[in-house]
**Student:** 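Take a look at this one; I'll ask things after.
All values reported here derive from a predicted model rather than from experimental measurement. These numbers come from the heavy atoms of this one structure, side chains and all, not from hydrogens, waters or symmetry mates.
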Amino acid sequence: MSFPKYPKYKDSGVEWLGDVPDHWEMLRLKFLSDIQTGDKDTVDAEDEGEYPFFVRSQTVERISTFTFDCEAILTAGDGVGVGKVFHYHRGPFDFHQRVYMMNHFHGIDGRFLFHYLRENFYKVALEGGAKSTVDSIRRPMLTDFPVVVPTVEEQSRIVTLVDAETSKIDALIAEQRRLIELLKEKRQAVISHAVTKGLNPDAPMKASGIEWLGDVPEHWSVFPLHRIVQQRRPITYGIVQPGEPDESGRFMIRNQDFTSGWANPDSLFRVSNSIEEPYQRARMKPNDLIMTIVGAVGSVGIIPAWLDGANTTQNLARIAIDETKASPFYVAALLQGPVGSRNVEFYSKGSVQAALNLGHVRRFWVTVPPLNEQTQIVEHINGHTAGLDALTAEATRAIDLLQERRTALISAAVTGKIDVREFANVEAA
């Protein structure tokens, strides 16, 4: 759906806001709502609590008591959610001492203000000195924040438009996410069958000796991962305290650098040579594997040639495969699939934080066919997953475009870049 512009605009006097409809009013947020912080702490959250407990993240915790029962907008006062996390709520709730609440709205629809703040506040918060060691909002950033206010009727129509159009966009996004999950399941099934049953459906089978693994081809071996690792380069982790980045230093690989494909070299952390030197044991060579052992446990990457000599953090394990015994590409496929997942599940079970130690990784059970068969399996997997990966990438791009459209629509509606006064008539028709 396309919308016309308003017939007449005026300069808002705010650089990031630009021109606004001539009849809209410019006011500071302090004239439109009450603003205060909470008095609860993170430890007050209760898993089985009856009421919402708003903290400094997108996740809403629970609590057994409530202090407020009203219409409110809440936003993080510090931490990673600054300027980006906003919640709209009606009913009983409580909130953290470093969360700001806006309520008792004067002459403005709370839902309209929620959309306006969510789409615009970050422009001031993240560019107005709110970035430090711990990001934080100073109270004047909120109280003096400029809000362009339409008539009450227009506010209602803007909210109706946003709700109607974003619900359509959200449905399309959900559809693409379901497709991605189906493609992921199909990909995992291809890998799982290839690395546990092989490519010959008529091959004689034997018991693997591992309950969750079941039967494997009779001529395959099943043993712990350390049996196919280079003896002189055992499984190890990297740098414990990397310090400040050093542009002339050595690359240091982190989890976020490879979990969605290798990052641009310019975005990789470089650690100083003096800090890296004691950790030479963890330096990488091309075709080494890297595995996350803290956090997103079990993520696996293969070291490309341009990262020869790079080091890593203590949250990652370097696995140097002995290529006379196994193909690194086969082992990577094995560890990225259900076999790797079952190993991770077994060893990280019961941990407060998902984590593995090097002993766990060394004992990972692996299925090992003859080398020539490993090569055939890798080619089979690559051939069957290339199309699935292409469809996944296409669905991911579609989600990105839909989210951009969603943001652009809301921003245009709440800042008067489109005239929605006829929206109700259009919907009725």
**Student:** Taking the side chain as every heavy atom from C-beta outward, state whether Met284 and Asp308 have any atom pair closer than 4.5 Å.
**Tutor:**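 Met284 vs Asp308: side chains apart.
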**Student:** Would Glu46 and Ser64 count as a side chain to side chain donor-acceptor pair (under 3.5 Å) here? Give the steps.
**Tutor:** CA-CA 7 Å; Glu46 302 171 72; Ser64 294; 2.9 Å; yes
**Student:** Do any N or O atoms from the side chain of Arg363 and from the backbone of Pro224 form a donor-acceptor pair under 3.5 angstrom?
**Tutor:**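 No; zero donor-acceptor contacts below 3.5 Å.
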**Student:** Tell me, yes or no, whether the heavy-atom count around Gln97 atom CD, taken from other residues, nucleotides or ligands under 6.0 Å, exceeds 12.
**Tutor:**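 Yes, because the 6.0 Å sphere around CD of Gln97 holds more than 12 heavy atoms from other groups.
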**Student:** Is there a donor-acceptor pair closer than 3.5 Å between any side-chain N or O of Arg250 and the backbone N or O of Arg270?
**Tutor:**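 Judged by distance alone, no pair lies under 3.5 Å.
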**Student:** Hey, are Glu181 and Arg178 close enough for a salt bridge, meaning a charged N less than 4.0 Å from a carboxylate O?
**Tutor:**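 Looking at Glu181 and Arg178, the cut-off is not met.
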**Student:** Do any side-chain atoms of residues 291-303 form donor-acceptor pairs under 3.5 angstrom with protein atoms, and if so which ones, sequence neighbours left out?
**Tutor:**
{"residue": "Thr292", "atom": "OG1", "partner": "Asn255", "partner atom": "OD1", "Å": "2.4"}
{"residue": "Ser299", "atom": "OG", "partner": "Ala296", "partner atom": "O", "Å": "3.2"}

**Student:** Where is the tightest heavy-atom contact between Ala395 and Ile180, given as atom of each residue plus distance?
**Tutor:**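 Heavy atoms only, the tightest pair is CB-CG1, 3.6 Å.
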**Student:** To the nearest 0.5 Å, what is the distance between CZ (Arg254) and CG (Leu268)?
**Tutor:**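 Separation between the atoms: 6.0 Å.
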**Student:** Surrounding NZ of Lys186 (heavy atoms of other residues, nucleotides or ligands, distance under 6.0 Å), is the total greater than 12?
**Tutor:**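 Open: at most 12 neighbouring heavy atoms sit under 6.0 Å from NZ of Lys186.
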**Student:** Cut-off 3.5 Å, side chains only: do Glu276 and Asn311 have a donor facing an acceptor?
**Tutor:**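 A pair is found: one side chain offers a donor N or O, the other an acceptor, under 3.5 Å apart.
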**Student:** Using a strict threshold of under 4.0 Å (side-chain N to carboxylate O), is an ion pair present between Lys30 and Asp144?
**Tutor:**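 Yes, this pair counts.
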**Student:** Verify the ring-centre separation between Phe114 and Phe86: is it less than 6.0 angstrom?
**Tutor:**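 Distance test on ring centres: not under 6.0 Å, no.
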**Student:** So Val368 and Val222, do their side chains get closer than 4.5 Å, heavy atoms only?
**Tutor:**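 Val222 does not reach Val368 side chain to side chain.
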**Student:** Does Lys184, at its NZ atom, have more than 12 non-hydrogen atoms belonging to other residues, nucleotides or ligands within less than 6.0 Å?
**Tutor:**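 No - once you tally the heavy atoms of other residues, nucleotides and ligands closer than 6.0 Å, there are 12 at most.
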**Student:** Return a table of donor-acceptor pairs under 3.5 angstrom between the side chains of residues 396-408 and protein atoms on other chains or two or more places apart.
**Tutor:**
{"residue": "Thr396", "atom": "OG1", "partner": "Thr392", "partner atom": "O", "Å": "2.8"}
{"residue": "Arg406", "atom": "NE", "partner": "Asp170", "partner atom": "OD1", "Å": "2.8"}
{"residue": "Arg406", "atom": "NH2", "partner": "Asp170", "partner atom": "OD2", "Å": "3.2"}
{"residue": "Thr407", "atom": "OG1", "partner": "Gln403", "partner atom": "O", "Å": "3.1"}

**Student:** Counting only N and O atoms by type, is there a donor-acceptor contact under 3.5 Å from the side chain of Asp44 to the main-chain atoms of Asp41?
**Tutor:**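 Yes; at least one donor-acceptor contact below 3.5 Å.
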**Student:** Should Tyr116 and Thr415 count as side-chain neighbours, where that means a heavy-atom distance under 4.5 Å?
**Tutor:**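 When only atoms from C-beta onward are counted, Thr415 and Tyr116 do touch, with a gap below 4.5 Å.
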**Student:** More than 12 heavy atoms of other residues, nucleotides or ligands under 6.0 Å from NZ of Lys197: is that the case?
**Tutor:**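 Yes.
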**Student:** How are the rings of Tyr347 and His360 set relative to one another: parallel (under 30°), tilted (30 to 60°) or perpendicular (over 60°)?
**Tutor:**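 If you compare the ring of Tyr347 with that of His360, the planes turn out parallel.
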**Student:** Do Tyr330 and Glu373 meet the criterion of a side-chain donor-acceptor pair at a distance under 3.5 Å?
**Tutor:**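 Side chains of Tyr330 and Glu373: no pair found under 3.5 Å.
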**Student:** Whether the side chain of Ser208 engages the backbone of Asp215 through a donor-acceptor N/O pair (distance < 3.5 Å, no angle test) should be reported.
**Tutor:**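 A pair under 3.5 Å: no.
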**Student:** Using only atom types and a distance under 3.5 Å, with no angle test, would you say the side chain of Gln374 pairs donor to acceptor with the backbone of Ser327?
**Tutor:**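 Here the side-chain-to-backbone pair exists.
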**Student:** Check the pair Asp39 / Asp94 against side chain to side chain contact (heavy atoms under 4.5 Å, CB included), numbers first and verdict last.
**Tutor:** CA-CA 9 Å; Asp39 62 2; Asp94 224 319; 4.3 Å; yes
**Student:** Using the rule given for side chain to side chain contact (heavy atoms under 4.5 Å, CB included), can you reason through Leu74 versus Met102, listing the C-alpha separation, both sets of side-chain angles and the distance that settles it, and then say yes or no?
**Tutor:** CA-CA 6 Å; Leu74 303 106; Met102 286 140 274; over 6 Å; no
**Student:** Report yes if the side chains of Gln376 and Leu199 come closer than 4.5 Å at any heavy-atom pair, otherwise no.
**Tutor:**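 Yes, close enough: below the 4.5 Å cut-off.
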**Student:** Given side chains that start at C-beta, do those of Leu113 and Ile73 come closer than 4.5 Å, heavy atoms only?
**Tutor:**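 A side-chain contact exists here, since the closest heavy-atom pair is under 4.5 Å.
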**Student:** Find out whether the Lys NZ or Arg CZ of Arg111 is both under 6.0 angstrom from the six-membered ring centre of Tyr88 and within 45° of the ring's axis.
**Tutor:**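 Geometry flag: not set, cation outside 6.0 Å or 45°.
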**Student:** How many angstroms lie between atom CD1 of Ile319 and atom CZ of Phe364, to the nearest 0.5 angstrom?
**Tutor:**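 Spacing of CD1 (Ile319) from CZ (Phe364) equals 7.5 Å.
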**Student:** Between Asp288 and Lys285 (side chain of the first, backbone of the second, donor and acceptor by atom type, cut-off under 3.5 Å), is there such a pair?
**Tutor:**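 Answer holds: yes.
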**Student:** Looking at every heavy atom in both Pro150 and Ile158, which two are closest together, and how far apart are they?
**Tutor:**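 For Pro150 versus Ile158, the nearest heavy atoms are CG-CD1, 4.0 Å.
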**Student:** Can you pull the ring-ring contact (aromatic ring centres under 6.0 Å, His included) pairs that have at least one residue in residues 376-422, sequence neighbours excluded?
**Tutor:**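 Passing the test, one end in residues 376-422: His380-His384.
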**Student:** Within the 4.5 Å heavy-atom criterion, are Ile381 and Val378 side-chain neighbours or not?
**Tutor:**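 A side-chain contact under 4.5 Å is absent here.
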**Student:** Could you check whether any side-chain heavy atom of Trp24 comes within less than 4.5 Å of a side-chain heavy atom of Val149, counting everything from C-beta outward?
**Tutor:**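 Not in contact.
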**Student:** Which heavy atom of Pro242 sits nearest to which heavy atom of Ile275, and what is that distance?
**Tutor:**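 Taking Pro242 first and Ile275 second, the nearest heavy atoms are O-CD1, 3.3 Å.
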**Student:** Donor-acceptor pair, distance only, cut-off 3.5 Å: does the side chain of Ser411 make one with the backbone of Glu119?
**Tutor:**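 It does not hold such a pair.
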**Student:** Check step by step if side chain to side chain contact (heavy atoms under 4.5 Å, CB included) holds for Phe145 and Asn120.
**Tutor:** CA-CA 10 Å; Phe145 186 70; Asn120 293 296; 4.1 Å; yes
**Student:** Determine, for Tyr237 and Arg281, whether the Lys NZ or Arg CZ falls below 6.0 Å from the six-membered ring centre while staying within 45 degrees of the axis.
**Tutor:**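 So Arg281 does make the cation-pi contact.
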**Student:** Rounded at 0.5 Å granularity, tell me how far CD in Gln155 sits from CD1 in Ile108.
**Tutor:**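 Gln155 atom CD to Ile108 atom CD1 measures 5.0 Å (nearest 0.5 Å).
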**Student:** Between Glu345 and Arg342, does the salt bridge (charged side-chain N to carboxylate O under 4.0 Å, His left out) criterion hold? Intermediate values first, please.
**Tutor:** CA-CA 5 Å; Glu345 181 183 345; Arg342 291 302 299 270; 3.8 Å; yes
**Student:** Does any non-hydrogen side-chain atom of Ile239 lie less than 4.5 Å from one of Val271?
**Tutor:**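 Yes, close enough: below the 4.5 Å cut-off.
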**Student:** I'd like to check the side chain to side chain contact (heavy atoms under 4.5 Å, CB included) partners of Glu185; sequence neighbours left out, ordered by chain and number.
**Tutor:**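 Testing Glu185 for side chain to side chain contact (heavy atoms under 4.5 Å, CB included), a comparison that skips the adjacent residues, returns Leu182.
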**Student:** Looking only at non-hydrogen atoms, find the nearest pair between Ser272 and Asp246 and report the distance.
**Tutor:**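 Shortest heavy-atom contact: CB-OD2, 3.4 Å.
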**Student:** On a heavy-atom basis, which atom in Trp306 and which in Pro265 lie closest, and how many Å separate them?
**Tutor:**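 That would be CZ3-CG, 3.7 Å.
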**Student:** With rounding to the nearest 0.5 Å, note down the distance linking NE2 in His104 to CG in Leu32.
**Tutor:**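 With rounding to 0.5 Å, NE2 (His104) is 14.5 Å from CG (Leu32).
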**Student:** Is the distance between the ring centroids of Trp365 and Phe346 under 6.0 Å?
**Tutor:**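 Aromatic pair excluded; centres sit 6.0 Å or further apart.
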**Student:** Verify the ring-centre separation between Tyr100 and Phe95: is it less than 6.0 angstrom?
**Tutor:**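 No, too far apart.
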**Student:** Less than 3.5 Å apart, which donor and acceptor atoms pair up between the side chains of residues 14-23 and the rest of the protein, not counting sequence neighbours?
**Tutor:**
{"residue": "His23", "atom": "NE2", "partner": "Glu154", "partner atom": "OE1", "Å": "3.0"}
{"residue": "His23", "atom": "NE2", "partner": "Glu154", "partner atom": "OE2", "Å": "3.2"}

**Student:** How long is the gap from CZ on Arg283 to OG1 on Thr236, to the nearest 0.5 Å?
**Tutor:**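 Here the interatomic distance stands at 13.0 Å.
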**Student:** In residues 51-60, what donor-acceptor pairs under 3.5 Å come from side-chain atoms, sequence neighbours left out?
**Tutor:**
{"residue": "Arg56", "atom": "NH1", "partner": "Asp78", "partner atom": "OD1", "Å": "2.9"}
{"residue": "Ser57", "atom": "OG", "partner": "Thr59", "partner atom": "N", "Å": "3.2"}
{"residue": "Ser57", "atom": "OG", "partner": "Thr59", "partner atom": "O", "Å": "3.4"}

**Student:** Can you tell me how far CE of Met252 sits from CG of Leu307, rounded to the nearest 0.5 angstrom?
**Tutor:**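 These two atoms lie 12.5 Å from each other.
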**Student:** Indicate the atoms forming the closest heavy-atom contact of Thr385 with Val190, along with that distance.
**Tutor:**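 So the minimum-distance heavy-atom pair works out to CG2-CG1, 4.3 Å.
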